[in-house]
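Keep in mind that what you see is a predicted model, and the values were worked out from it rather than measured.
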Amino acid sequence: MSRLDATLEVQGVARTWHAELPDPSAAPRPLVVVLHGAGSEGARYLDRQGWAALARREEVVVVAPDALPRDPARPARFRDNPRVWNSGGPRPGEPRAQEDEAAFLAAIVADLTARGIVVDPARRYLVGHSNGAALTWKLLAEEPERWAAAVTVAGGLVKLPPFRAPARPLLAIFGDQDPMLPLAGGTAPLPWGMRREMPPILETLGRWAEREGLPHAPVERTSGPGWDRWSWGPLLTALVVHGQGHEWPGGLDSGLPPAMIGPMTRHLDATAVAWEFLHSGRTPDPRASGQPMS
(Lines give C-alpha, C1' and ligand atoms only; values in the text may rest on other atoms or scores of the structure.)
Protein backbone atom coordinates (compact mmCIF):
# COMPACT_ATOMS: atom_id res chain seq x y z
CA MET A 1 0.00 0.00 0.00
CA SER A 2 1.10 3.57 -0.59
CA ARG A 3 -0.15 7.08 0.15
CA LEU A 4 -0.80 9.43 -2.75
CA ASP A 5 -1.33 13.20 -2.55
CA ALA A 6 -2.23 14.53 -5.97
CA THR A 7 -3.51 17.56 -7.87
CA LEU A 8 -5.72 17.59 -10.94
CA GLU A 9 -6.96 20.43 -13.11
CA VAL A 10 -10.74 20.22 -13.46
CA GLN A 11 -12.60 22.90 -15.40
CA GLY A 12 -9.50 25.08 -15.23
CA VAL A 13 -9.24 24.81 -11.41
CA ALA A 14 -6.56 22.92 -9.46
CA ARG A 15 -8.22 20.26 -7.29
CA THR A 16 -6.37 18.23 -4.65
CA TRP A 17 -7.04 14.69 -3.49
CA HIS A 18 -5.49 11.99 -1.33
CA ALA A 19 -5.61 8.22 -1.52
CA GLU A 20 -4.45 5.03 0.12
CA LEU A 21 -3.58 2.73 -2.78
CA PRO A 22 -2.90 -1.00 -2.98
CA ASP A 23 0.02 -2.29 -5.01
CA PRO A 24 -0.76 -2.32 -8.76
CA SER A 25 -2.59 -5.48 -9.76
CA ALA A 26 -4.53 -6.79 -12.72
CA ALA A 27 -7.35 -7.70 -10.35
CA PRO A 28 -9.98 -4.93 -10.18
CA ARG A 29 -10.24 -3.32 -6.73
CA PRO A 30 -13.20 -1.84 -4.90
CA LEU A 31 -13.14 1.97 -4.65
CA VAL A 32 -14.43 3.99 -1.71
CA VAL A 33 -14.61 7.76 -2.14
CA VAL A 34 -14.78 9.51 1.26
CA LEU A 35 -16.13 13.09 1.22
CA HIS A 36 -15.14 15.19 4.22
CA GLY A 37 -17.31 17.62 6.16
CA ALA A 38 -17.27 21.40 5.68
CA GLY A 39 -14.11 23.00 7.02
CA SER A 40 -12.13 19.76 7.00
CA GLU A 41 -9.97 18.03 4.39
CA GLY A 42 -9.67 14.59 2.86
CA ALA A 43 -6.39 13.48 4.42
CA ARG A 44 -7.84 13.81 7.93
CA TYR A 45 -10.41 11.14 7.13
CA LEU A 46 -7.76 8.73 5.92
CA ASP A 47 -5.68 9.15 9.07
CA ARG A 48 -8.13 10.10 11.83
CA GLN A 49 -11.29 8.22 10.87
CA GLY A 50 -9.69 4.89 10.06
CA TRP A 51 -10.01 4.78 6.28
CA ALA A 52 -6.29 4.35 5.56
CA ALA A 53 -6.13 1.45 8.00
CA LEU A 54 -9.21 -0.12 6.41
CA ALA A 55 -7.69 0.29 2.93
CA ARG A 56 -4.56 -1.56 4.03
CA ARG A 57 -6.51 -4.27 5.81
CA GLU A 58 -9.03 -4.93 3.02
CA GLU A 59 -6.84 -4.00 0.01
CA VAL A 60 -9.35 -1.39 -1.06
CA VAL A 61 -8.67 1.82 -2.97
CA VAL A 62 -9.77 4.67 -0.69
CA VAL A 63 -9.83 8.18 -2.14
CA ALA A 64 -10.37 11.27 0.01
CA PRO A 65 -10.66 14.42 -2.14
CA ASP A 66 -10.62 18.03 -0.92
CA ALA A 67 -13.45 20.48 -1.45
CA LEU A 68 -12.55 23.96 -2.60
CA PRO A 69 -12.52 26.83 -0.11
CA ARG A 70 -15.65 28.96 -0.09
CA ASP A 71 -13.53 31.67 -1.73
CA PRO A 72 -11.13 29.71 -3.99
CA ALA A 73 -8.96 32.80 -4.47
CA ARG A 74 -7.83 32.65 -0.82
CA PRO A 75 -6.19 29.84 1.20
CA ALA A 76 -8.53 27.46 2.99
CA ARG A 77 -9.02 28.24 6.68
CA PHE A 78 -11.68 26.79 8.95
CA ARG A 79 -12.66 30.03 10.67
CA ASP A 80 -13.30 32.28 7.68
CA ASN A 81 -12.76 30.33 4.44
CA PRO A 82 -13.75 26.69 5.00
CA ARG A 83 -13.62 24.00 2.37
CA VAL A 84 -17.23 23.37 1.28
CA TRP A 85 -18.68 20.99 -1.32
CA ASN A 86 -21.22 22.10 -3.89
CA SER A 87 -23.92 19.89 -2.42
CA GLY A 88 -26.83 21.68 -4.06
CA GLY A 89 -27.44 24.46 -1.55
CA PRO A 90 -24.91 27.30 -2.05
CA ARG A 91 -26.02 30.92 -1.87
CA PRO A 92 -26.58 32.64 -5.25
CA GLY A 93 -23.31 34.02 -6.56
CA GLU A 94 -21.06 31.76 -4.48
CA PRO A 95 -18.18 30.40 -6.60
CA ARG A 96 -18.84 26.86 -5.38
CA ALA A 97 -22.23 26.90 -7.12
CA GLN A 98 -20.30 26.54 -10.38
CA GLU A 99 -18.17 23.58 -9.28
CA ASP A 100 -18.97 20.23 -10.89
CA GLU A 101 -18.05 17.80 -8.12
CA ALA A 102 -19.11 14.80 -10.22
CA ALA A 103 -16.60 15.83 -12.90
CA PHE A 104 -13.90 16.07 -10.21
CA LEU A 105 -14.58 12.51 -9.00
CA ALA A 106 -14.68 11.20 -12.59
CA ALA A 107 -11.27 12.81 -13.21
CA ILE A 108 -9.87 11.08 -10.12
CA VAL A 109 -11.07 7.68 -11.35
CA ALA A 110 -9.48 8.35 -14.75
CA ASP A 111 -6.21 9.34 -13.03
CA LEU A 112 -6.24 6.14 -10.98
CA THR A 113 -6.58 4.13 -14.21
CA ALA A 114 -3.66 6.01 -15.74
CA ARG A 115 -1.57 5.09 -12.66
CA GLY A 116 -2.29 1.39 -13.16
CA ILE A 117 -4.92 1.09 -10.43
CA VAL A 118 -7.80 -0.96 -11.84
CA VAL A 119 -11.11 -0.06 -10.22
CA ASP A 120 -14.04 -2.45 -10.41
CA PRO A 121 -16.95 -0.40 -11.88
CA ALA A 122 -19.43 -2.62 -10.04
CA ARG A 123 -17.81 -1.84 -6.67
CA ARG A 124 -17.52 1.95 -6.60
CA TYR A 125 -18.88 3.37 -3.35
CA LEU A 126 -19.54 6.80 -1.84
CA VAL A 127 -19.18 7.79 1.82
CA GLY A 128 -19.78 11.31 3.12
CA HIS A 129 -19.78 13.20 6.41
CA SER A 130 -21.89 16.32 7.09
CA ASN A 131 -21.59 18.58 4.01
CA GLY A 132 -19.88 15.61 2.31
CA ALA A 133 -22.91 13.51 3.22
CA ALA A 134 -25.20 16.03 1.50
CA LEU A 135 -23.04 15.74 -1.62
CA THR A 136 -23.19 11.93 -1.35
CA TRP A 137 -27.00 12.02 -1.39
CA LYS A 138 -26.89 14.35 -4.41
CA LEU A 139 -24.44 12.24 -6.42
CA LEU A 140 -26.24 8.99 -5.64
CA ALA A 141 -29.52 10.54 -6.80
CA GLU A 142 -28.18 12.19 -9.94
CA GLU A 143 -25.72 9.53 -11.12
CA PRO A 144 -26.74 6.16 -9.66
CA GLU A 145 -25.13 4.36 -12.58
CA ARG A 146 -21.69 5.45 -11.32
CA TRP A 147 -22.05 4.14 -7.76
CA ALA A 148 -23.00 0.78 -6.29
CA ALA A 149 -24.03 1.99 -2.80
CA ALA A 150 -23.43 4.83 -0.35
CA VAL A 151 -23.16 5.66 3.34
CA THR A 152 -23.80 9.08 4.89
CA VAL A 153 -22.90 10.28 8.39
CA ALA A 154 -24.47 13.35 10.04
CA GLY A 155 -25.79 14.79 6.80
CA GLY A 156 -29.14 15.50 5.19
CA LEU A 157 -30.42 15.86 1.66
CA VAL A 158 -30.38 19.49 0.48
CA LYS A 159 -32.59 19.13 -2.59
CA LEU A 160 -34.53 16.10 -3.83
CA PRO A 161 -33.67 15.38 -7.48
CA PRO A 162 -36.10 13.44 -9.67
CA PHE A 163 -35.71 9.67 -9.42
CA ARG A 164 -33.24 8.01 -11.78
CA ALA A 165 -32.84 4.26 -12.04
CA PRO A 166 -31.27 2.13 -10.80
CA ALA A 167 -32.08 2.61 -7.13
CA ARG A 168 -28.99 2.10 -4.98
CA PRO A 169 -28.62 0.98 -1.34
CA LEU A 170 -28.07 3.79 1.16
CA LEU A 171 -27.16 3.67 4.85
CA ALA A 172 -27.62 6.95 6.76
CA ILE A 173 -26.02 7.32 10.22
CA PHE A 174 -27.08 10.04 12.67
CA GLY A 175 -26.39 11.01 16.26
CA ASP A 176 -29.30 11.67 18.59
CA GLN A 177 -27.34 14.49 20.30
CA ASP A 178 -26.32 16.33 17.14
CA PRO A 179 -27.11 20.05 17.54
CA MET A 180 -26.30 20.73 13.87
CA LEU A 181 -28.68 18.05 12.56
CA PRO A 182 -31.39 17.51 15.19
CA LEU A 183 -33.50 14.39 14.69
CA ALA A 184 -36.70 16.38 15.31
CA GLY A 185 -35.68 19.17 12.93
CA GLY A 186 -35.78 22.87 13.70
CA THR A 187 -33.26 25.71 13.79
CA ALA A 188 -29.68 24.45 13.88
CA PRO A 189 -26.49 26.50 14.42
CA LEU A 190 -23.44 26.23 12.17
CA PRO A 191 -19.84 26.84 13.28
CA TRP A 192 -19.58 30.03 11.18
CA GLY A 193 -22.23 32.00 13.04
CA MET A 194 -25.06 31.06 10.68
CA ARG A 195 -28.26 29.17 11.40
CA ARG A 196 -30.41 26.98 9.15
CA GLU A 197 -33.82 25.38 9.29
CA MET A 198 -33.74 21.59 9.16
CA PRO A 199 -36.69 19.26 8.54
CA PRO A 200 -37.12 16.21 10.80
CA ILE A 201 -34.74 13.42 9.81
CA LEU A 202 -37.55 10.92 9.29
CA GLU A 203 -39.18 13.38 6.88
CA THR A 204 -35.99 13.61 4.83
CA LEU A 205 -35.59 9.84 4.80
CA GLY A 206 -39.26 9.38 3.94
CA ARG A 207 -38.98 11.67 0.93
CA TRP A 208 -35.95 9.71 -0.28
CA ALA A 209 -37.77 6.41 0.27
CA GLU A 210 -40.82 7.53 -1.71
CA ARG A 211 -38.72 8.59 -4.69
CA GLU A 212 -37.44 5.00 -4.84
CA GLY A 213 -40.90 3.45 -4.58
CA LEU A 214 -40.65 2.64 -0.86
CA PRO A 215 -43.16 3.58 1.87
CA HIS A 216 -42.67 6.94 3.56
CA ALA A 217 -42.34 5.40 7.03
CA PRO A 218 -39.81 2.69 7.92
CA VAL A 219 -41.18 -0.84 7.86
CA GLU A 220 -38.98 -2.10 10.70
CA ARG A 221 -37.48 -0.56 13.84
CA THR A 222 -34.97 -2.36 16.04
CA SER A 223 -32.79 -1.27 18.95
CA GLY A 224 -29.56 -2.41 20.52
CA PRO A 225 -27.06 -1.21 23.10
CA GLY A 226 -26.47 2.40 22.15
CA TRP A 227 -28.32 2.52 18.82
CA ASP A 228 -31.65 2.37 17.00
CA ARG A 229 -32.10 1.12 13.45
CA TRP A 230 -34.87 2.11 11.05
CA SER A 231 -35.26 0.06 7.87
CA TRP A 232 -37.24 0.55 4.68
CA GLY A 233 -35.80 -2.69 3.28
CA PRO A 234 -32.41 -3.39 1.65
CA LEU A 235 -32.39 -0.08 -0.24
CA LEU A 236 -32.59 2.27 2.75
CA THR A 237 -31.46 1.93 6.36
CA ALA A 238 -30.88 4.56 9.05
CA LEU A 239 -28.78 4.04 12.16
CA VAL A 240 -29.18 6.42 15.11
CA VAL A 241 -26.25 6.41 17.55
CA HIS A 242 -27.21 7.23 21.13
CA GLY A 243 -25.24 10.07 22.73
CA GLN A 244 -23.50 10.99 19.47
CA GLY A 245 -23.10 14.53 18.20
CA HIS A 246 -21.86 15.73 14.80
CA GLU A 247 -18.46 13.99 14.90
CA TRP A 248 -17.59 10.74 13.09
CA PRO A 249 -18.68 7.91 15.46
CA GLY A 250 -15.76 5.85 16.73
CA GLY A 251 -13.12 8.03 15.08
CA LEU A 252 -10.86 10.76 16.42
CA ASP A 253 -12.39 14.10 17.29
CA SER A 254 -12.00 17.16 15.11
CA GLY A 255 -10.90 19.43 17.93
CA LEU A 256 -14.13 21.44 17.80
CA PRO A 257 -15.78 22.00 21.20
CA PRO A 258 -18.68 19.73 22.22
CA ALA A 259 -20.69 22.87 22.96
CA MET A 260 -20.65 23.52 19.22
CA ILE A 261 -21.01 20.05 17.69
CA GLY A 262 -22.23 17.81 20.50
CA PRO A 263 -20.63 14.85 22.29
CA MET A 264 -18.39 12.10 20.93
CA THR A 265 -19.07 8.41 21.54
CA ARG A 266 -16.86 5.33 21.29
CA HIS A 267 -19.33 2.45 21.22
CA LEU A 268 -19.81 2.30 17.43
CA ASP A 269 -17.16 2.33 14.69
CA ALA A 270 -18.83 4.11 11.76
CA THR A 271 -15.97 3.22 9.39
CA ALA A 272 -16.33 -0.51 10.08
CA VAL A 273 -20.13 -0.33 9.86
CA ALA A 274 -19.92 1.58 6.57
CA TRP A 275 -17.55 -0.92 4.98
CA GLU A 276 -19.63 -3.88 6.14
CA PHE A 277 -22.69 -2.33 4.50
CA LEU A 278 -20.91 -1.41 1.27
CA HIS A 279 -19.06 -4.62 0.53
CA SER A 280 -21.56 -7.14 1.84
CA GLY A 281 -24.80 -5.47 0.75
CA ARG A 282 -26.36 -6.41 4.08
CA THR A 283 -28.01 -4.20 6.64
CA PRO A 284 -25.28 -3.85 9.29
CA ASP A 285 -25.51 -5.07 12.84
CA PRO A 286 -23.56 -2.53 14.93
CA ARG A 287 -22.74 -5.23 17.47
CA ALA A 288 -20.54 -6.92 14.85
CA SER A 289 -18.74 -3.78 13.70
CA GLY A 290 -15.56 -4.31 15.69
CA GLN A 291 -13.92 -1.99 18.20
CA PRO A 292 -13.72 1.78 17.76
CA MET A 293 -10.40 3.38 16.97
CA SER A 294 -8.00 3.91 19.82
Just do the ring-ring contact (aromatic ring centres under 6.0 Å, His included) check on His267 and Trp227 with the steps written out, would you?
-> CA-CA 9 Å; His267 60 269; Trp227 52 268; 9.7 Å; no
Check for a donor-acceptor pair, side chain of Ser231 on one end and backbone N or O of Gly233 on the other, with a separation under 3.5 Å.
-> yes
Give a yes or no on whether the backbone of Asp253 and the side-chain of Arg48 come within a donor-acceptor separation of less than 3.5 Å.
-> yes
So, does Gln49 use its side chain to make a donor-acceptor pair with the main chain of Leu252 at under 3.5 Å?
-> yes
Non-hydrogen side-chain atoms of Tyr125 and Leu31 separated by less than 4.5 Å = no
Heavy-atom check, side chain of Arg168 versus side chain of Pro166, under 4.5 Å | yes
Any side-chain heavy atom of Arg115 sitting closer than 4.5 Å to one from Leu4?
-> yes
Specify the closest pair of heavy atoms between Trp137 and Ala172, including all atoms of both residues, with the distance to one decimal.
-> CZ2-CB, 4.2 Å
Give the minimum heavy-atom separation between Pro234 and Pro169, together with the two atoms involved.
-> O-CB, 3.8 Å
Between Asn86 and Glu99, is there a donor-acceptor pair closer than 3.5 Å when you use the side chain of the first and the backbone of the second?
-> yes
Verify side chain to side chain contact (heavy atoms under 4.5 Å, CB included) between Asp111 and Leu8, making sure each step is shown before the conclusion.
-> CA-CA 9 Å; Asp111 196 4; Leu8 285 171; 3.5 Å; yes
Charged N-O contact under 4.0 Å between Glu145 and Arg164 | yes
Between Thr7 (side chain) and Ala14 (backbone), is there a donor-acceptor pair under 3.5 Å?
-> no
Student check: side-chain heavy atoms of Trp230 and Glu220 closer than 4.5 Å = no
In terms of the angle between their ring planes, are His279 and Trp275 parallel, tilted or perpendicular, with boundaries placed at 30° and 60°?
-> parallel
Under the side chain to side chain contact (heavy atoms under 4.5 Å, CB included) criterion, do Ile173 and Thr152 qualify, and how do the steps go?
-> CA-CA 6 Å; Ile173 301 174; Thr152 63; over 6 Å; no
Just do the side chain to side chain contact (heavy atoms under 4.5 Å, CB included) check on Arg229 and Ser223 with the steps written out, would you?
-> CA-CA 6 Å; Arg229 183 169 54 206; Ser223 297; over 6 Å; no
For the residue pair Ile261 and Ser254, establish whether any side-chain heavy-atom pair is separated by less than 4.5 Å.
-> yes
Any donor-acceptor pair under 3.5 Å linking the side chain of Arg124 with the backbone of Val33?
-> no
Kindly say whether Val61 contributes a backbone atom to a donor-acceptor pair with the side chain of Glu20 at under 3.5 angstrom?
-> no
To the nearest 0.5 Å, what is the distance between CG (Leu126) and CG (Leu278)?
-> 9.0 Å
Rounded to the nearest 0.5 Å, how far apart are CH2 of Trp248 and OG1 of Thr271?
-> 5.0 Å
Specify the closest pair of heavy atoms between Glu143 and Ala102, including all atoms of both residues, with the distance to one decimal.
-> OE1-CB, 3.4 Å
For the pair Arg211 (side chain) and Pro161 (backbone), establish whether a donor and an acceptor sit closer than 3.5 Å, ignoring hydrogens and angles.
-> yes
Report yes if some heavy atom in the side chain of Leu171 is under 4.5 Å from a heavy atom in the side chain of Val273; otherwise report no.
-> yes
Test item: Leu170 and Leu140 side chains (from C-beta on) under 4.5 Å apart, heavy atoms = yes
Only one of Val34, Val119, Leu105, Leu112 passes side-chain contact (heavy atoms from CB on, under 4.5 Å) with Val63; say which it is.
-> Leu112
Output field: ring centroids Trp85/His36 closer than 6.0 Å | yes
What pair of heavy atoms forms the shortest contact from Pro182 to Ile201, and how long is it?
-> O-CG1, 3.8 Å
Roughly how far apart are Leu135 CG and Leu157 CG, rounded to 0.5 Å?
-> 11.0 Å
Can the positive tip of Arg15 be found less than 6.0 Å from the middle of the six-membered ring of Phe104, inside 45° of the ring normal?
-> yes
Minimum heavy-atom separation for Ala38 to Phe78, with atom names?
-> O-CE1, 4.2 Å
With rounding to the nearest 0.5 Å, note down the distance linking CZ in Arg207 to CG in Leu205.
-> 9.5 Å
Before giving the answer on side chain to side chain contact (heavy atoms under 4.5 Å, CB included), spell out for His246 and Ser130 the whole-Å C-alpha distance, their side-chain angles and the decisive distance to 0.1 Å.
-> CA-CA 8 Å; His246 203 70; Ser130 191; 2.7 Å; yes
Would a distance-only check, ignoring hydrogens and angles, find a side-chain to backbone donor-acceptor pair under 3.5 Å from Asp269 to Gly250?
-> no
Any sub-3.5 Å donor-acceptor pair from Asp66's side-chain atoms to Gly42's backbone N or O?
-> yes
For Tyr45, what residues pass the ring-ring contact (aromatic ring centres under 6.0 Å, His included) criterion, not counting sequence neighbours?
-> His129
Over 12 non-hydrogen atoms of neighbours within 6.0 angstrom of CD in Glu59 = no
Between Arg74 and Pro69, is any pair of side-chain heavy atoms under 4.5 Å apart?
-> no
Quick one: do His242 and Thr265 satisfy side-chain hydrogen bond (donor to acceptor under 3.5 Å, both in side chains)? Show the steps, please.
-> CA-CA 8 Å; His242 297 176; Thr265 63; over 6 Å; no
If you look at every heavy atom in Ala188 and Met198, which pair is closest and at what distance?
-> CB-CG, 4.0 Å
Would you call Arg3-Asp47 a salt bridge at under 4.0 Å N-O?
-> yes
